[in-house]
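Contents: one structure, followed by commentary.
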Protein chains: 2
Amino acid sequence: MIKQSASTDTDLALLAKALGHPARVRIIRHLAGRKSCMCGDIVRELPLAQSTVSQHLKVLKNAGIIQGTIAGPRVCYCLDPAVLARLKTQIATL
Amino acid sequence: MIKQSASTDTDLALLAKALGHPARVRIIRHLAGRKSCMCGDIVRELPLAQSTVSQHLKVLKNAGIIQGTIAGPRVCYCLDPAVLARLKTQIATL
DNA sequence: GACATCTATCGTAATATTACGATAAGATGC
DNA sequence: GCATCTTATCGTAATATTACGATAGATGTC
C-alpha cells in the first residue's frame, strides 16, 4: 500500500492544471520533439498573439514543466524531464 | 512518427483540466481504491460543502472520467477505466 | 400521505483564467 | 549611440472557476 499524502494530490493537481489548456499541450508536444526550442518558434506554431503565448509559457514554467534559458537575444525553452517524469508516474498510479 | 492532431491536444487538455484541482485528484484516488463509492462517502472524505463536492463531481463526469448511477436514494460513482486509460496513454506519450 | 435522507441545482460573490494590444526590457548589429 | 529584434510584462475586458448557503427533486420509511 502506497501512502498518498495531500501534498501529492496538490502536486499532481498543479501539474495537471498546467496541462489543462490545448495551447499548453501543444507547446509541450512541440518541445518533446526537439531538444530545445526558441520562444519565437513556439509563437509561430500557435494561432495566438505573442503575449498570450508568453503567458502560457509562464504557466508551464511556474509549474516547473519547462525551463527557459537566455540565449543571446532569444530564450531557449526546453522540457524538464524530471518534472515530466514525475507527472507521468503520478498519473500512472491513478 | 505518430501523428498528433489538434483534437488530441484538446482531448488531453480537457482531461488534464478535470484533474487540475486537488479535490478532484482526491476524489479519483478515493474511487480508484474501491470498485464504486456512494456520493455521501466522498462528501465525508473532503473538507468541502456538499454542493461544492457535487460541483467537482460534475466536472469529472463531464470530462467522462467518472460515471454516476442512481442506486435508490443515493448515487453510486465509479471511475470509467477506458477514459482513465486514455488519459494515461496520452500522458505517457508526452 | 408525511417525513427524513441524499444529491443536484440555483443564486451569488470572490478570484482566476484567457486573450489581446501596447509597451518595456534586454541583446545584437550598424 | 541608435535602430532592430526578441521576449516579458502591463493594462484590460470577457469569461470561467471555486466556494458557499439555500432550495428543489427524487427516493425510501413510517
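Sequence lines set the chain letters: A, B, ... in the order given, protein chains first and strands last, and positions in each chain run from 1.
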SG of B:C78 to CZ of B:R34: how many Å apart, nearest 0.5 Å? 13.0 Å
Exercise: identify the closest heavy-atom pair between B:L31 and B:Y77: CD2-O, 3.6 Å
Axis bend over the full length of the helix from C:dG1-D:dC30 to C:dC30-D:dG1, computed from five pairs that close each end, to 10 degrees: 20°
For residues A:A18 and A:A63, report the shortest heavy-atom separation together with the two atoms involved. CB-CB, 3.5 Å
In residues 39-55 of chain A, which ones come under 4.0 Å of DNA chain C, going by heavy atoms? A:L48, A:A49, A:S51, A:T52, A:Q55
Would you compute the distance between atom CD1 of B:I27 and atom CG of A:D9 and round it to the nearest 0.5 angstrom? 10.5 Å
Between B:P73 and B:K17, name the one whose nearest nucleotide on DNA chain C is closer to the 5' end. B:P73
Got A:L12 and A:L94 here, is their nearest side-chain heavy-atom distance under 4.5 Å? yes
Of the non-hydrogen atoms in A:A13 and B:P22, which two are nearest, and what is the gap between them? CB-N, 3.4 Å
A:T10 OG1 to B:H21 NE2 distance, which is reported to the nearest 0.5 Å: 9.5 Å
Nucleotide D:dA8, atom C1' - distance to NZ of A:K58 in whole Å: 8 Å
Name the first nucleotide and the last nucleotide along DNA chain C (5' to 3') that come under 4.0 Å of a heavy atom in chain B. C:dC6 to C:dT9
The single option from A:D41, A:I42, A:L46 that satisfies side chain to side chain contact (heavy atoms under 4.5 Å, CB included) with A:R44 is A:D41
When rounded to whole Å, the CG to C1' distance for the pair A:L57 and D:dA8 reads 10 Å
Approximate separation, where rounding is to 0.5 Å, of B:L15 CG and B:R86 CZ: 5.5 Å
Interatomic distance where OH belongs to A:Y77 and P belongs to D:dT6 [whole Å]: 15 Å
So A:R24 and A:I65, do their side chains get closer than 4.5 Å, heavy atoms only? no
Where each residue is assigned the nucleotide of DNA chain C containing its nearest heavy atom, which of A:A71 and A:V59 is assigned the position nearer the 5′ end? A:V59
Minimum heavy-atom distance B:R26-B:E45, with the two atoms named: NH2-O, 3.1 Å
